[in-house]
Amino acid sequence: MADSSAVSEKTALGPRQFDLDRCVHCGLCLNACPTYRELGLEMDSPRGRIYQMVQVAEGAPIAPSYVEHISLCLACRGCESVCPSGVRYGRMVEDARAEIEAHIRRGWFARRLRRFVFGRLLESRAALTFVGTILYLYEASGIKALVRAMGFLKMLGRLGDIAQLAPSAEPPFFFSQIGRTFPAEGRRERRVAFLAGCIANISFARLSEATVRVLQRNGCEVVVPEGLGCCGALHVHAGLPEDARRLARRNIDTVLAGGFDAVVTNAAGCGSTLKEYGDLLEHDPEYAGRAREFSALVRDITEFLDQKGLNPAMGPVDAIVTYQDSCHLAHGQRVRQAPRKLLAAIPGLSFKEMPASDICCGSAGIYNVVENEMSMRILAKKMESVNSTGAAIVATANPGCMLQLQAGVRLHGTGQRVMHVVELLDLAYRAK
Ligand code: SF4
Ligand code: SF4
């Protein structure tokens, strides 16, 4: 979290005036907001945050309280889905964070850590492989299990809660597949680029492999292009749009040179950012048009399979399954029915809708680390909804949500398994 003790003067950054003007203060968004539902405070609601953004746009200083209220926002965009005025809240909070980032004074260590994570780690195959290897050794040596069994994490308090959320390493890492082309099974109907991403290469390697298999089963030649990497979503959410633009330009160049029918991702958070490259690069005369061309090709894997028509040759998956909407799929991309339709197409699967499935689980990128207390409160509520369904499997469509829900199952669950929709499809195809 930012060092909010620093108050500084503002410059011409921040949310665009026509975005601010769209809010008519009706309050219809309040009940869709997880932080308002938890705290009941206007200043931690969408309407209250927009009011504060307006104050800052009119000349108020960037005060510590403003930084705190904006930091506590999950950027889940639940408010956008219900807003009758079409307020583009997600873009506004990103702009507000970029403005805060330009003015906040951080300590030496925090500055270096952010520079390393956002400027090096997420983009470097070698650095991610190194971190993944350390994580793997920590688990494979039994130290992780011992630490948990001895209750060390509980003794660490909040730090222990954060450690619970750390992803596992899944060797062999998916980096080894980058640059490869996987042929379609049967007749080739589409040629798609698969976004392997950044952290997913080490922590969701099996999910990526399952995604490639499912695409192959559905008549797709799948290319994992060398130059298609980190999408920049975490950079945008952290108020670092220039870093995100640099990554976006590289991804655009790679895809537009490749002649693909689609760019497919299994990470809703990445897909949402990829689809908004047009906004990110709107003031770049060289890339604005190319960004829109790129974004028009982007599809979430569930959306892609639903639009294309799913290969029905599946075996049974006999389980009760519930579904947690990933915010950046349901609210960011407005894709709600596709994952449900895919699940319903799996023979033997019994689907049980959970209450408030489109309220955030508290994951929200690195929110569960930087705002851990609120994240855990929201997760506890989410698990009440999950438990009420009696489902044995919680499906979702975003790796970040999977990590959060896995922690939720450990803390409050009844032994449920957390799976991506694609993993369930893969299971069904292998059962045939
Ligand atoms: S953001 Fe939309 S729903 Fe919320 S108060 Fe403003 S106009 Fe109303
Ligand atoms: S993005 Fe989510 S947390 Fe932030 S104001 Fe909107 S609903 Fe609330």
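Atoms considered below: every heavy atom in the structure, side chains included; atoms not considered: hydrogens, waters and symmetry mates. Whatever order the structure lists ligands and atoms in, that order sets their numbers, starting from 1.
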Quick one: sort the F118 and H235 rings into parallel, tilted or perpendicular, breaks at 30° and 60°.
perpendicular
Given side chains that start at C-beta, do those of F304 and N218 come closer than 4.5 Å, heavy atoms only?
no
So, are R114 and E101 salt-bridged, with charged N and O less than 4.0 Å apart?
yes
Give me the residue, atom name and distance of the protein heavy atom closest to atom 5 (S) of ligand 1.
G27 N, 3.2 Å
What protein heavy atom is closest to atom 7 (S) of ligand 1, reported as residue, atom name and distance in Å?
V24 N, 3.3 Å
Counting only protein N/O/S, how many atoms fall short of 2.8 Å from atom 6 (Fe) of ligand 2?
1
Which residue holds the protein heavy atom closest to atom 8 (Fe) of ligand 1, what is that atom called, and what is the gap in Å?
C26 SG, 2.3 Å
Taking NZ, NE, NH1 and NH2 as the nitrogens, is one of them in R37 or D44 under 4.0 Å from a carboxylate oxygen of the other?
no
Starting from atom 6 (Fe) of ligand 1, find the nearest protein heavy-atom neighbour and note its residue, name and distance.
C23 SG, 2.4 Å
Test: D284 and R249 ion pair at under 4.0 Å
yes
Provide, to 0.1 Å, the distance between atom 1 (S) of ligand 1 and the closest protein heavy atom, together with that atom's residue and name.
I50 CD1, 3.7 Å
Would you mind listing which atoms of ligand 1 come within a distance below 4.0 Å of any non-hydrogen atom of P84?
3 (S)
Can R290 and D253 be counted as an ion pair, charged N to O under 4.0 angstrom?
yes
Proximal ligand 1 atoms for S85, defined as those under 4.0 Å from one of its heavy atoms:
7 (S)
For C76 and Y367, what are the C-alpha separation, side-chain angles and deciding distance, and is it a side-chain contact (heavy atoms from CB on, under 4.5 Å)?
CA-CA 10 Å; C76 67; Y367 184 93; over 6 Å; no
Could R77 and E94 be called an ion pair, given the rule that one side-chain N must be under 4.0 Å from one carboxylate O?
no
Test: D261 and R191 ion pair at under 4.0 Å:
no
Salt-bridge criterion met for R91 and D19 (N-O under 4.0 Å)
yes
For C83, take its heavy atoms, then give the atoms of ligand 1 lying under 4.0 Å from any of them.
1 (S), 2 (Fe), 3 (S), 7 (S)
